[in-house]
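The figures here come from the full heavy-atom set of this structure, side chains too, leaving out hydrogens, waters and symmetry mates.
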Amino acid sequence: MNRTLAEAVAVGRHAERALEPLGARLRAAAETDGPLGVAPGLRPTGDGWFPVADLAARPRERLGALVAETERRWQAPPHVAAALWWKNFSYWTTLPVVLGWALNRRVPVLTAETAVLSTPAADPGMLVALREPRVATGDARELGAVIAGSLLRELHAPVIEALHALTRAGRRGLWGSVAEALVHPLVTFAADLLEDSGDGARTLLESVGGPVAGLIELPALPELRRRTCCLWVTLGQGICPSCCVTEPADAARDGERRNAGARS
């Protein structure tokens with residue numbers, strides 16, 4: 001964690017108090033929308049938790065087992081299973097960060113070292129929590145830089161590289177799922193917190209920048225349109241609402257092309 005980020009972060013009891021409104025918001029969302037992949041209050045309880053850093057650590061056995069489980073569930077080839085598992089993981093690790101940004105500009109700091117994960121059998125198949133409470137504060141654009149430095153570079157990037165090494169899943173498509181995860185909560189869970197969800201989404205994406213820049217379009221909210229594919233379409237079970245594929249015939253052609261070229 002760089003010096004600028006470290007100076008913006010509070011820990012301990014102060015961080016716990018700062019994150020209480022976010023915890024309440026997440027509990028309310030779980031009550032109305034069903035189980036979330038985020039532990040209540042972002043606190044790990046019980047056994048079965050491990051640091052997210054373990055996913056990218058060689059020989060990457062834990063990550064390989066999670067991708068293999070997704071392969072079996074969806075009868076998917078490895079690179080597709082990796083993309084689907086990543087879409088789930090990137091969403092739940094991003095959701096509390098985005099909600100904190102929209103709610104009160106108090107963002108939980110998730111990195112590979114601070115974030116822990118469990119993989120219960122019940123949907124959505126994972127829970128994300130913080131090993132210790134850490135929170136960053138600032139204005140919208142300052143926090144965009146914090147999110148880029150912590151969530152994207154320190155948590156997401158190593159796992160993306162590990163998935164690419166294991167399965168040859170395309171990096172750009174995986175970053176596309178992160179871009180979607182940054183925007184989707186702003187037009188769903190946090191729509192009532194912003195005067196204009198579209199402006200909020202654009203501000204967040206622009207301030208984060210880097211690998212998610214230009215990977216999602218906002219044609220007419222709440223509609224989102226990705227510029228990359230999560231590869232769900234290749235399974236022949238329909239098209240995601242945000243998919244870059246728009247016509248059934250295009251979906252079939254795109255699925256064949258992506259299956260053939262995923263390892264290029």
Side-chain angles (χ1 to χ4, degrees), residues 1-11 14-15 17-26 29 38 42 90-115 128 130 133-160 171-172 174-228 242:
M1 189 178 300
N2 62 43
R3 181 179 178 184
T4 301
L5 176 54
E7 289 173 349
V9 173
V11 298
H14 178 74
R17 289 192 294 271
L19 291 173
E20 284 174 0
L22 173 62
R25 184 80 183 193
L26 288 168
V38 181
L42 283 171
S90 62
Y91 188 83
W92 296 121
T93 51
T94 302
L95 174 65
V97 174
V98 173
L99 278 185
W101 182 89
L103 179 63
N104 56 9
R105 301 293 190 253
R106 288 172 171 78
V107 169
V109 179
L110 276 72
T111 70
E113 300 300 329
T114 64
V128 176
L130 278 172
R134 294 190 184 188
V135 62
T137 58
D139 65 28
R141 294 191 178 276
E142 289 170 341
L143 287 175
V146 171
I147 293 167
S150 56
L151 182 68
L152 271 66
R153 283 197 288 272
E154 296 189 20
L155 192 157
H156 286 157
V159 184
I160 284 178
R171 296 181 182 91
R172 189 169 185 269
L174 300 179
W175 282 117
S177 289
V178 178
E180 183 177 10
L182 286 166
V183 172
H184 182 269
L186 295 180
V187 299
T188 52
F189 294 109
D192 61 317
L193 299 175
L194 303 169
E195 290 186 10
D196 187 317
S197 297
D199 283 348
R202 282 183 282 271
T203 296
L204 180 57
L205 288 173
E206 289 170 3
S207 61
V208 170
V212 298
L215 294 185
I216 197 159
E217 299 174 352
L218 308 172
L221 294 178
E223 181 185 353
L224 312 175
R225 183 63 53 84
R226 289 177 56 140
R227 290 180 174 171
T228 64
S242 61

Salt bridge (Lys or Arg N to Asp or Glu O under 4.0 Å) against Glu113, all qualifying residues, sequence neighbours excluded: none
For Glu20, enumerate each residue passing the salt bridge (Lys or Arg N to Asp or Glu O under 4.0 Å) test, keeping only those at least two apart in sequence or located in another chain. none
Can any side-chain N or O of Thr111 pair as donor or acceptor with the backbone N or O of Ser150 at less than 3.5 Å? no
With rounding to the nearest 0.5 angstrom, report the CG to CD distance, Leu218 to Glu223. 9.5 Å
Should the pair Phe189 and Tyr91 be assigned to parallel (<30°), tilted (30 to 60°) or perpendicular (>60°) ring geometry? tilted
How would you list, by chain and number, every residue that makes a salt bridge (Lys or Arg N to Asp or Glu O under 4.0 Å) with Asp192, sequence neighbours excluded? Arg25
Verify the distance criterion only: is there a donor paired with an acceptor across the side chains of Thr93 and His156 at less than 3.5 Å? yes
List the atom pairs, donor and acceptor, that lie under 3.5 Å between side-chain atoms in residues 203-216 and the rest of the protein, sequence neighbours left out.
residue	atom	partner	partner atom	Å
Thr203	OG1	Asp199	O	2.9
Ser207	OG	Thr203	O	3.0
Ser207	OG	Leu204	O	2.9

Donor-acceptor pairs are to be reported for all side-chain atoms of residues 102-109 against protein atoms at under 3.5 Å, with residues two or more places apart or in another chain.
residue	atom	partner	partner atom	Å
Asn104	OD1	Arg106	N	3.1
Arg105	NH1	Trp101	O	2.3
Arg106	NH1	Asn104	O	3.3

Closest non-hydrogen atoms of Gly138 and Glu142, given as atom of the first, atom of the second and distance, are CA-OE1, 3.4 Å
Just verifying a value: how many Å separate Thr94 OG1 and Ile147 CD1, rounded to the nearest 0.5 Å? 9.0 Å
To the nearest 0.5 Å, what is the distance between CG on Leu95 and OG1 on Thr188? 7.5 Å
Specify the closest pair of heavy atoms between Ala15 and Ala10, including all atoms of both residues, with the distance to one decimal. CB-O, 3.4 Å
Sorted by chain and residue number, the salt bridge (Lys or Arg N to Asp or Glu O under 4.0 Å) partners of Arg172 (sequence neighbours excluded) come out as none
